[in-house]
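Take a look at the structure set out below.
Counting starts at 1 for both ligands and their atoms, in listed order. Bear in mind that the values here come from a model prediction, so they are computed numbers and not experimental data. Count residues from 1 along the sequence.
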Amino acid sequence: MRIDALLARATARLAGAGSPSARLDAEVLAGHVLGVDRTWLYTWGDREFESWPRARFDALVAARADGRPVAYLTGEREFWGLSLETAPSTLIPRPDTETLVETALARASAGEGALLDLGTGTGAIALAFASERPGWRVEGIDLSEPAIALARRNARRHDLAVRFRVSDWFGALDEDERFDLIVANPPYIDAADPHLAQGDVRFEPLSALVASEAGLGDLRRIAEAALVRLPPGGTLLMEHGMSQGPEVRQILVEAGFRDVETRVDLGGRERVTLGLR
Ligand code: GLN
């Protein structure tokens with residue numbers, strides 16, 4: 001069968017199974033199996049697929065039709081232009097989170113400084129930041145050992161000098177460790193949110209998604225513990241759900257932060273709230 005016909009068939013199967021991105025999924029999976037990019041697939045669509053690893057492609061399409069996230073099937077996802085290894089032990093990096101990186105960079109001098117990424121997962125935020133600020137000391141912590149091992153592999157993959165270690169929020173840090181910027185994309189979804197039963201999130205670790213207090217528990221815990229870890233003028237930035245802006249601003253103000261404000265993501269939704277010590 002020709003590549004274009006095979007892609008059309010896989011697309012129809014994935015669309016029938018309810019994938020919101022069937023064509024893209026089929027292309028990414030075919031590109032992964034063949035070791036080529038999507039442009040190649042368009043250029044060589046009239047080639048026969050016979051000699052290609054067809055069984056492997058069919059197995060990936062079947063897994064995707066069962067709902068498995070493409071990033072777990074291919075084992076990678078691009079974030080901030082960096083190809084990152086992904087695994088079911090961590091959240092899949094999302095485009096929304098680039099808003100957090102942009103906001104952190106806007107507050108980071110070109111010279112030196114120190115940034116801490118709480119709940120780093122794949123290491124996406126810490127690595128994206130480090131790729132733009134080579135003079136900064138960048139650290140990422142996560143409660144999950146597999147996540148830290150994954151983040152370290154991602155640092156090696158891009159030759160970025162980020163230190164990753166296991167810690168329950170600030171728990172494993174020395175008492176005198178301070179950072180100019182502290183960033184976090186913590187769990188912030190309410191356990192009763194119906195979105196948890198839909199799409200890719202069904203396969204992601206609940207510990208990276210769900211928080212107590214209708215999703216605000218970890219945001220509050222981080223805000224309360226972060227202030228003493230910042231020098232005067234240092235900034236805390238946290239990602240949160242699109243309807244949590246007012247509550248998160250209140251949490252930061254109550255925790256003692258000043259100049260508290262919220263930034264919107266590319267879709268115009270309140271996504272990142274920051275405050276200064
Ligand atoms: N933004 C993610 C989602 O809506 C949640 C990420 C998180 O809880 N930190 O699926």
Q) Could a heavy atom of A208 be found less than 4.0 Å from some atom of ligand 1? A) yes

Q) Under a heavy-atom criterion of less than 4.0 Å, does N185 contact ligand 1? A) yes

Any idea which atoms of ligand 1 are less than 4.0 Å away from a heavy-atom of [X]?
X	value
L209	8 (O)
V201	10 (O)
P186	7 (C), 8 (O), 9 (N)

Q.
Testing the basics here: between N154 and E85, what is the closest heavy-atom pair and its distance to 0.1 Å?
A. OD1-N, 2.6 Å

Q | W136 six-ring face occupied by R133 cation (under 6.0 Å, within 45°) | A | no

Q: List the steps, then state whether side chain to side chain donor-acceptor pair (under 3.5 Å) holds for D142 with T120.
A: CA-CA 6 Å; D142 203 288; T120 195; over 6 Å; no

For [atom], find the nearest protein heavy atom and state the residue, atom name and distance (0.1 Å precision).
atom	answer
atom 2 (C) of ligand 1	R94 NE, 3.1 Å
atom 8 (O) of ligand 1	Y188 N, 3.4 Å
atom 4 (O) of ligand 1	I189 CD1, 4.2 Å

Indicate yes or no: does [X] engage [Y] in a salt bridge with an N to O separation below 4.0 Å.
X	Y	result
R137	E139	yes
E177	R229	no
D180	R277	no
R157	E76	yes

Q) Is any N or O atom of D96, backbone or side chain, closer than 3.5 Å to an N or O atom of ligand 1? A) no

